[in-house]
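Below is one structure, written out as structure tokens, with a few remarks after it.
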Amino acid sequence: MSELKIYLDKDIDTELIKTKKIAIIGFGSQGYGQGMNLVDSGCNVVFGLRQGGKSDIKARDYGLKTMAIADAVKWADIVQILIPDEVQAKVYKEEIEPNLREGQYLMFSHGFNIHYGFIKAPEGVKVIMVAPKAPGHTVRSEYTAGKGVPALVAGDDKELALSYASAIGSGRAGIIETTFKEETETDLFGEQAVLCGGCDALIKTAFETLIEAGYSPYMAYFEVCHELKLIVDLIYEGGIEDMHYSVSNNAEYGDYTRGGRVIDTDTKQRMKKILAEIQDGSYAKEFMDEFTSGGDKFKELRKASEGHLIEKVGSEIRSSFQWGKGKLIDKDRN
């Protein structure tokens with residue numbers, strides 16, 4: 001295992017990014033979080049948005065400067081593309097690429113479109129990546145709290161990427177150098193096998209198992225969903241062994257003796273198959289084909305997930321307790 005190098009603000013030329021004009025393309029979660037932090041850090045930022053559209057109006061309401069995407073690209077030194085993965089290539093081809101010039105930087109916060117070749121930078125345009133390891137709203141909330149979220153950097157200009165990462169607050173937490181390939185493939189695998197896909201499936205399957213055995217859906221929700229955050233927080237703060245220290249001996253013994261029966265060697269083989277589909281590009285093709293054809297399957301899957309009993313029960317429980325009354329994010333769909 002190679003030695004881990006973590007960059008902090010003290011290791012970075014924090015003024016470098018302030019010499020560049022930055023066009024943020026998009027004002028979703030990451031566009032909002034990163035863009036607002038850059039502005040507050042004293043950077044020269046414009047948001048490239050469809051003029052008069054919902055995001056444009058929202059950005060202007062925050063007092064931010066916006067331009068049409070093509071104009072923002074012409075104006076900028078750095079073009080940071082923070083629109084959804086499935087539309088990046090189309091917007092790039094139509095509005096960004098024709099307006100790029102030699103000496104500019106094309107920037108991303110996820111390597112998907114670059115790694116799989118859906119976007120190719122023209123000669124003379126450098127490509128860099130800063131990938132904060134948190135949703136955009138967390139990037140913003142941690143920054144305003146005087147902290148930051150860790151980030152990964154990659155590409156053709158490490159010093160500039162580090163300076164940008166510092167301006168969004170990541171130099172307060174820690175920045176690690178990676179590659180587009182490594183970031184993309186590990187990010188997709190983490191989302192599919194654990195963070196979203198694996199976790200989602202595990203929670204719903206356990207919930208259904210308790211319901212089918214005759215237990216109250218409210219008890220099932222608390223035991224397999226609500227308490228998960230408490231366990232993950234312990235792991236986040238101190239690792240798996242610190243979590244074991246905090247839970248009962250009964251829970252720890254059950255972990256050692258039953259966990260491997262739920263997630264076993266067959267599960268690992270299926271994970272390897274998922275990883276292989278990420279590595280060979282077949283998942284990327286499937287994803288892009290789905291949205292190119294209208295996204296009907298995606299919409300069906302989303303509807304089914306939103307209609308699951310655990311969502312109804314969870315909503316009822318959260319609305320009945322003080323900790324569940326705050327709405328954390330704007331859930332408007334694109």
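- Y256 and E252 form a side-chain donor-acceptor contact under 3.5 Å, judged by distance and modelled atom types alone.
- Y7 carries K5 over the face of its six-membered ring, with the cationic atom under 6.0 Å from the centre and within 45° of the normal.
- The CE atom of M107 lies 12.0 Å from the CG atom of D156; values are rounded to the nearest 0.5 Å.
- In this structure, a donor-acceptor pair under 3.5 Å is present between the side chains of T178 and E182.
- Taking CD of E208 as the start and CD1 of I310 as the end, the distance is 8.5 Å to the nearest 0.5 Å.
- Partner H115 forms a side chain to side chain donor-acceptor pair (under 3.5 Å) with one of E183, E185, H110 and no other, that one being E185.
- Across all non-hydrogen atoms, the minimal contact from I203 to C225 is CG2-CB, 4.0 Å.
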Throw together a table of side-chain donor-acceptor distances under 3.5 angstrom for residues 229-240, partners on residues two or more places apart or in other chains.
| unit_1 | atom_1 | unit_2 | atom_2 | d |
| --- | --- | --- | --- | --- |
| K229 | NZ | D233 | OD2 | 2.5 |

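- Side-chain contact of Y215 with E223: a donor-acceptor pair under 3.5 Å is absent, judged by distance alone.
- Side-chain contact check for S282 and D280: at least one donor-acceptor pair (N or O, by modelled atom type) lies under 3.5 Å.
- Taking the side chain as every heavy atom from C-beta outward, S55 and R50 never approach each other to under 4.5 Å.
- The nearest pair of heavy atoms linking A220 to I211 is CB-CD1, 4.1 Å.
- With hydrogens and angles left out, the side-chain atoms of D289 and T292 include no donor and acceptor closer than 3.5 Å.
- The heavy-atom pair separating P150 from A173 by the smallest distance is N-CB, 3.7 Å.
- How far CD1 of I12 is from OG of S163: 7.5 Å, rounded to the nearest 0.5 Å.
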Yes or no on ring-ring contact (aromatic ring centres under 6.0 Å, His included) for F222 and Y218, after CA distance, side-chain angles and deciding distance?
CA-CA 6 Å; F222 268 112; Y218 303 108; 8.7 Å; no

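- The side-chain heavy atoms of K303 and E300, taken from C-beta on, include no pair separated by under 4.5 Å.
- Using a 4.5 Å cut-off on side-chain heavy atoms (C-beta onward), I96 and L106 make contact.
- The cationic atom of R60 (NZ for Lys, CZ for Arg) does not lie both less than 6.0 Å from the six-membered ring centre of F27 and within 45° of the ring axis.
- By the ring-ring contact (aromatic ring centres under 6.0 Å, His included) test, F189 is found to be paired with no residue, residues two or more places apart in sequence or in another chain being considered.
- A side-chain N or O of Y143 and one of S41 form a donor-acceptor pair less than 3.5 Å apart.
- Between I69 and I25, some side-chain heavy-atom pair lies under the 4.5 Å cut-off.
- Side-chain contact check for P122 versus V125: some heavy-atom pair is nearer than 4.5 Å.
- Listed here is the closest heavy atom pair of M288 and F112: SD-CE2, 3.9 Å.
- Two rings, from Y32 and H137, have their centers less than 6.0 Å apart.
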Take K126 and D77, measure what salt bridge (charged side-chain N to carboxylate O under 4.0 Å, His left out) needs, and give me the verdict at the end.
CA-CA 11 Å; K126 293 183 177 180; D77 300 311; over 6 Å; no

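- Side-chain atoms of E311 and H308 include no donor-acceptor pair closer than 3.5 Å.
- With respect to the salt-bridge test (charged N to carboxylate O, under 4.0 angstrom), the residues K204 and D200 qualify.
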